[in-house]
There are 2 protein chains.
Amino acid sequence: MKKLIKVMKALSDPGRVKMVKMLAVKEMCVCEIQAALELSQPTISKHLKVLEEAGLVASRKDKLWVNYNLTDGDDSTYARDVLEKMSTWLEKDPEIKTLKKKLKKISRDNLKKC
Amino acid sequence: MKKLIKVMKALSDPGRVKMVKMLAVKEMCVCEIQAALELSQPTISKHLKVLEEAGLVASRKDKLWVNYNLTDGDDSTYARDVLEKMSTWLEKDPEIKTLKKKLKKISRDNLKKC
DNA sequence: TTTATATATTACCATATGGCAATACACCCT
DNA sequence: AGGGTGTATTGCCATATGGTAATATATAAA
């Protein structure tokens, strides 16, 4: 039950939902996510932690960067099922579409400062 | 997006999740739900409203009683998909199992006062 | 060793949420 | 009309949540 609640709560925030939709496209570091959404760096970090603790997202260090990606949902049935649904949900949502376009132009290399 | 958030938020509370699992078994009025969970009547009403606004639950008046039941999720894809998943989720959860047993003994007729 | 950069943590604030008691409303039944 | 019962609403409180600025930590480069 607790795990289900964590998954649901994790996806109860627009910012976190956007992050999941973005990470479905590609692995991203915190500063890239920050450039896509307009939230402060600590806020991004906090949200990512919530997603991580719900078993939806995992991180991998690469030198100075921490790359985040979606898990395959092996943490729980809930995580797996919901991630599967998330891959179809919001595909036609205008806000998400715009976000995905924006994503193409974002790379850690063209971010002067993270 | 807003609708998705509402669905997720609605299922971010253990009490509401329990209500959904119960309503999957049978239609129930507020006082029956109250007898099953140990929460005050206003709290139950408030939770049901949240579930209703997420498109997960609907109500039907029968004289003095208001019977609540699950919708078929026609409000949104999210509601439909999540309700479908909810029918399999938590089926082995001990707390839910106990609740379902308790449910058999609960009828508005053997509740002295609602 | 110093400096710079990417991320995480902390401290703090404003708002949202979940809980209840008290009250209001709606619908019977005399 | 009046009383009884089931549900909804209101008002209030404690805690949770989402946000930021400031700071700490970690790694790379000079």
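Reckoned from all heavy atoms, side chains included, excluding hydrogens, waters and symmetry mates.
- Under the side-chain contact (heavy atoms from CB on, under 4.5 Å) criterion, Glu27(B) pairs with Arg60(B), Asn67(B), Asn69(B), sequence neighbours left out.
- Judged by distance alone, with hydrogens and angles left aside, the side-chain atoms of Lys21(B) form a donor-acceptor pair with the main-chain N or O of Trp89(B) at under 3.5 Å.
- Counting to the nearest Å, the C1' atom of dG6(D) and the CD atom of Glu32(B) are 12 Å from each other.
- To the nearest angstrom, P of dA8(C) lies 11 Å from CD1 of Ile44(A).
- Using a 4.5 Å heavy-atom cutoff, the side chains of Leu99(A) and Leu37(A) are in contact.
- Between Ile5(A) atom CD1 and dG18(C) atom P there is a gap of 10 Å when expressed in whole angstrom units.
- Counting only distance, with no hydrogens or angles, the side chain of Thr43(B) and the backbone of Leu39(B) share no donor-acceptor pair below 3.5 Å.
- Summarising the geometry, the separation between CG on Leu51(B) and P on dA8(D) is reported as 13 Å, rounded to the nearest angstrom.
- If you take CD of Glu53(B) and P of dA16(C), they are 15 Å apart, rounded to a whole angstrom.
- Remark: Asp72(A) pairs with Asp74(A) by the side-chain contact (heavy atoms from CB on, under 4.5 Å) rule, at least two apart or across chains.
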What string of B, S and - do you get for nucleotides 17-22 of chain D 5' to 3' if you count protein non-hydrogen atoms under 4.0 Å?
SBBBBB

Using a cutoff of under 3.5 Å, can you pull out all pairs of nitrogen or oxygen atoms linking the protein to nucleotides 25-30 of chain C, with atom names and distances?
none

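- Here the P atom of nucleotide dT5(D) and the CD atom of Gln34(B) are 15 Å apart, to the nearest Å.
- For Glu27(A) and dA6(C), the CD to P distance is 17 Å, given to the nearest whole Å.
- Lys26(A) pairs by the side-chain contact (heavy atoms from CB on, under 4.5 Å) definition with Met28(A), Leu103(A), not counting sequence neighbours.
- Listed pair Tyr68(A) / dA6(C) fails the phosphate criterion, with no side-chain N or O lying under 4.0 Å from OP1 or OP2.
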Evaluate the criterion salt bridge (charged side-chain N to carboxylate O under 4.0 Å, His left out) for residue pair Glu91(B) and Lys97(B); output intermediate values, then yes/no.
CA-CA 7 Å; Glu91(B) 280 302 290; Lys97(B) 277 187 177 176; over 6 Å; no

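- The separation between Leu48(A) atom CG and dA6(C) atom C1' is 13 Å, rounded to whole Å.
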Decide side chain to side chain donor-acceptor pair (under 3.5 Å) for Glu32(A) and Ser107(A); before the verdict, give the C-alpha distance in whole Å, the side-chain angles of both, and the deciding distance to 0.1 Å.
CA-CA 6 Å; Glu32(A) 289 171 329; Ser107(A) 156; 4.7 Å; no

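- By the ring-ring contact (aromatic ring centres under 6.0 Å, His included) test, Tyr68(B) pairs with no residue at all, sequence neighbours left out.
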